[in-house]
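Computed over heavy atoms, backbone and side chain alike; hydrogens, waters and symmetry mates excluded. All values reported here derive from a predicted model rather than from experimental measurement.
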Amino acid sequence: MKRRTVLAAAAGVLGAAPGARAQAAFPARQVQIVVPFPPGGATDLMARLLVEPMTRSLGQSVIVENRAGATGAIGAQAVARAPADGHTILMGTASVNSVLTAVRPDVGYDTLRDFAPILLVASFPNMLVVHPSVPATSIAELVALLRRAPDSLTFASSGIGSSVHLAGELFKLMTGTQMTHVPYRGSAPAVTDLLAGRVSMMFDNMTTVLPHVQRGQLRALGVTGRERSSMTPEVPAIAETLAGYDATSWVGLMAPARTPDAVVQRLAADARDALAQPVIANRMRELGADIGGGSPQDFVRFLEEDVAKWRRVVRDAGVKPE
């Protein structure tokens with residue numbers, strides 16, 4: 001009798017364990033938002049805007065941890081391999097989670113397989129700028145110039161396989177034109193050479209190139225999103241001339257795959273509430289971003305489309321990793 005009682009009690013505990021685990025409180029400890037870049041960049045700044053409001057709403061401290069290296073792959077790999085409990089999440093980006101995985105399938109993670117999307121935090125277009133010596137003042141004039149004189153212009157980027165490189169490759173594919181890609185090790189030296197006229201044009205972050213446009217050192221021809229940016233409503237979207245063109249950058253929160261749905265939904269709700277705060281929303285707009293939101297399911301669909309698009313561009317343009 002005693003043996004049967006012990007076995008029954010053990011069976012009861014084991015049977016209850018899944019339910020007990022499902023009902024475990026979240027968060028149980030500090031939550032880390034891993035930013036796969038060094039401190040100070042736009043992705044880092046946007047992640048840090050979420051820290052204070054999410055700390056209040058979650059009742060546990062939320063911190064940003066910078067894990068830079070390998071064009072963002074190190075931080076993404078770390079989160080993909082972290083326990084799937086919601087305490088370690090990634091501030092993912094277009095460059096790390098859509099573009100890099102398309103260029104380097106062996107990067108060590110698969111965005112659609114290894115992450116549970118939480119929330120699209122923000123999206124923001126890049127800007128196509130040309131040196132004043134380029135005889136084009138609109139997208140239509142630029143396309144006409146490239147068709148008259150293929151490979152007469154060069155476009156700079158922050159590196160082979162970067163998001164701004166692929167923005168140029170997408171432009172070439174959609175217009176059927178040719179221009180020579182000149183890769184640099186980072187955006188800063190590329191912009192320096194563009195200002196000096198050593199390269200013709202560049203698709204780059206708006207906050208980086210806009211001051212040069214305002215000073216007349218560069219000419220803005222278009223923004224790479226589907227619509228005009230609220231920061232520069234006078235600058236048309238490239239899509240107004242080239243229908244369907246979209247090279248929008250984005251940032252979004254992701255948990256490791258198999259994180260419980262209840263945890264994902266809780267993190268999404270708290271992040272949405274943070275983005276709704278006027279101070280945070282205004283700061284995001286100052287950074288040139290359009291506020292995200294929606295649901296985790298919306299973010300899943302967004303990622304499926306974005307990943308598929310950049311895989312097609314990499315394949316059709318024949319882009320190879322360095």
If you count the non-hydrogen atoms of other residues, nucleotides and ligands that lie under 6.0 Å from CZ in Arg258, is the total more than 12? no
Can you tell me how far the CG atom of Leu50 sits from the CG atom of Leu253, to the nearest 0.5 Å? 6.0 Å
Applying side-chain hydrogen bond (donor to acceptor under 3.5 Å, both in side chains), can you list everything that pairs with Ser138, at least two apart in sequence or on another chain? none
What heavy-atom pair brings Ser163 and Ser249 nearest, and what distance separates the two atoms? OG-OG, 4.5 Å
Can you confirm whether more than 12 heavy atoms, excluding those of Arg104, are under 6.0 Å from its CZ atom? yes
Looking only at heavy atoms, the pair that brings Ala247 and Ala167 closest together is CB-CB, 3.8 Å
Pro36 to Leu90 - nearest heavy-atom pair and separation: CD-CD1, 4.0 Å
Distance in Å, Arg266 CZ paired with Ile118 CD1, rounded so as to fall on 0.5 Å steps: 12.5 Å
Suppose we screen for side-chain hydrogen bond (donor to acceptor under 3.5 Å, both in side chains). Which residues come up paired with Gln60, at least two apart in sequence or across chains? none
Side-chain donor/acceptor of Ser229 to backbone N/O of Met231, under 3.5 Å: yes
Least distance between heavy atoms, Val300 atom then Pro117 atom: CG2-CG, 3.7 Å
With distance as the sole criterion, is a donor-acceptor pair present between the side chains of Asp306 and Trp250 under 3.5 Å? yes
Side-chain contact, heavy-atom cut-off 4.5 Å: Thr207 with Phe124? no
Is there side-chain contact between Phe171 and Leu242, with at least one heavy-atom pair below 4.5 Å? yes
Is it true that a side-chain atom of Ser295 and a backbone atom of Asp298 form a donor plus acceptor pair closer than 3.5 Å? yes
Joint cluster assignment, Leu112 & Leu120, ILVMFWY side-chain distance < 4.5 Å: yes
Side-chain polar contacts of residues 179-186 - donor-acceptor pairs under 3.5 angstrom, sequence neighbours left out - could you list them?
{"unit_1": "His181", "atom_1": "ND1", "unit_2": "His165", "atom_2": "NE2", "d": "3.3"}
{"unit_1": "His181", "atom_1": "NE2", "unit_2": "Ser157", "atom_2": "OG", "d": "2.7"}
{"unit_1": "Tyr184", "atom_1": "OH", "unit_2": "Asp193", "atom_2": "OD2", "d": "2.7"}

Run the salt bridge (charged side-chain N to carboxylate O under 4.0 Å, His left out) test on Glu304 and Arg301 for me, step by step, so that the C-alpha distance in whole Å, both residues' side-chain angles and the decisive distance to 0.1 Å come before the verdict. CA-CA 5 Å; Glu304 289 173 343; Arg301 289 189 288 271; over 6 Å; no
Can you list the residues that meet the side-chain hydrogen bond (donor to acceptor under 3.5 Å, both in side chains) rule with Thr208, with sequence neighbours excluded? none
Please determine whether residues Leu210 and Val129 belong to a single hydrophobic cluster, defined as Ile, Leu, Val, Met, Phe, Trp and Tyr linked transitively by side-chain heavy-atom distances below 4.5 Å. yes
Got Val223 and Asn126 here, is their nearest side-chain heavy-atom distance under 4.5 Å? no
Ala73 versus Leu100, closest heavy-atom pair with distance: CB-CD2, 4.0 Å
Under 3.5 Å, is there a donor-acceptor pair between the side chain of Arg67 and the main chain of Ala76? no
With distance as the sole test, does Thr111 use its side chain to make a donor-acceptor pair with the main-chain N or O of Asn97 at under 3.5 Å? yes
Under 4.5 Å between any side-chain heavy atoms of Thr137 and Arg219, yes or no? yes
Are Val34 and Met91 connected in a single hydrophobic cluster, I mean Ile/Leu/Val/Met/Phe/Trp/Tyr linked by side-chain heavy atoms less than 4.5 Å apart? yes
List the steps, then state whether side chain to side chain contact (heavy atoms under 4.5 Å, CB included) holds for Val134 with Leu153. CA-CA 8 Å; Val134 174; Leu153 300 181; 4.1 Å; yes
Looking at NE2 of His131 and OG of Ser200, how far apart are the two atoms once the value is rounded to the nearest 0.5 Å? 9.5 Å
Assess the residue pair Leu275 and Leu119 against the criterion (side chain to side chain contact (heavy atoms under 4.5 Å, CB included)); give the C-alpha distance rounded to whole Å, side-chain angles, the decisive distance to 0.1 Å, and a yes or no. CA-CA 11 Å; Leu275 293 173; Leu119 189 75; 4.0 Å; yes
Testing the basics here: between Ala274 and Met54, what is the closest heavy-atom pair and its distance to 0.1 Å? CB-CG, 4.5 Å
Under the side chain to side chain contact (heavy atoms under 4.5 Å, CB included) rule, what do Met202 and Leu218 come out as? Steps first, then yes or no, please. CA-CA 10 Å; Met202 186 173 182; Leu218 298 174; over 6 Å; no
Side chains of Leu221 and Glu141: closer than 4.5 Å at any heavy-atom pair? no
Lys309 and Asp316 ion-paired at < 4.0 Å: no
Please lay out, stage by stage, how Arg228 and Glu240 fare under the test salt bridge (charged side-chain N to carboxylate O under 4.0 Å, His left out). CA-CA 9 Å; Arg228 298 190 183 203; Glu240 293 177 33; 2.7 Å; yes
Quick one: does any side-chain atom of Gln178 pair with a main-chain N or O of Ser152 as donor and acceptor, under 3.5 Å? no
Is the shortest side-chain heavy-atom distance between Phe155 and Glu169 below 4.5 Å? yes
Are any side-chain N or O atoms of Ser57 and backbone N or O atoms of Pro53, one a donor and one an acceptor, separated by less than 3.5 Å? yes
With salt bridge (Lys or Arg N to Asp or Glu O under 4.0 Å) as the rule and sequence neighbours excluded, what pairs involving residues 75-90 come up? Arg29-Asp85
How about Leu128 and Met201: do any of their side-chain heavy atoms sit closer than 4.5 Å? yes
Linking I/L/V/M/F/W/Y whenever their side-chain heavy atoms sit closer than 4.5 Å, directly or via other members, would Leu194 and Ile238 fall into one cluster? no
If you count every heavy atom of other residues, nucleotides or ligands that lies below 6.0 Å from Glu227 atom CD, does the total exceed 12? no
Mind checking whether Met254 and Phe37 sit in one hydrophobic cluster, side chains of I, L, V, M, F, W, Y counted as touching below 4.5 Å? yes
Flag side-chain contact, heavy atom, 4.5 Å: Thr177 against Leu142: no
Checking side-chain hydrogen bond (donor to acceptor under 3.5 Å, both in side chains) for the pair Asp204/Ser187: CA distance, chi angles, key distance, verdict? CA-CA 8 Å; Asp204 201 19; Ser187 175; 2.8 Å; yes
Could you walk me through whether Thr248 and Thr224 pass the side chain to side chain contact (heavy atoms under 4.5 Å, CB included) check? CA-CA 6 Å; Thr248 303; Thr224 65; 5.5 Å; no
Do side-chain atoms of Thr154 reach the backbone of Val199 as a donor and acceptor pair under 3.5 angstrom? no
Tell me if a side-chain donor or acceptor on Asp273 pairs with a main-chain N or O of Asp270 at a distance below 3.5 Å. no
Presence of salt bridge, Glu52 and Arg56, under 4.0 angstrom: yes
Sorted by chain and residue number, the side-chain hydrogen bond (donor to acceptor under 3.5 Å, both in side chains) partners of His212 (sequence neighbours excluded) come out as Arg215, Gln217
Any donor-acceptor N/O pair, Arg283 side chain to Leu49 backbone, under 3.5 Å: no
How long is the straight-line distance from CD of Glu305 back to CG of Asp246, given to the nearest 0.5 Å? 10.0 Å
How long is the span from the CG atom in Asp106 to the OG1 atom in Thr101, to the nearest 0.5 Å? 11.0 Å
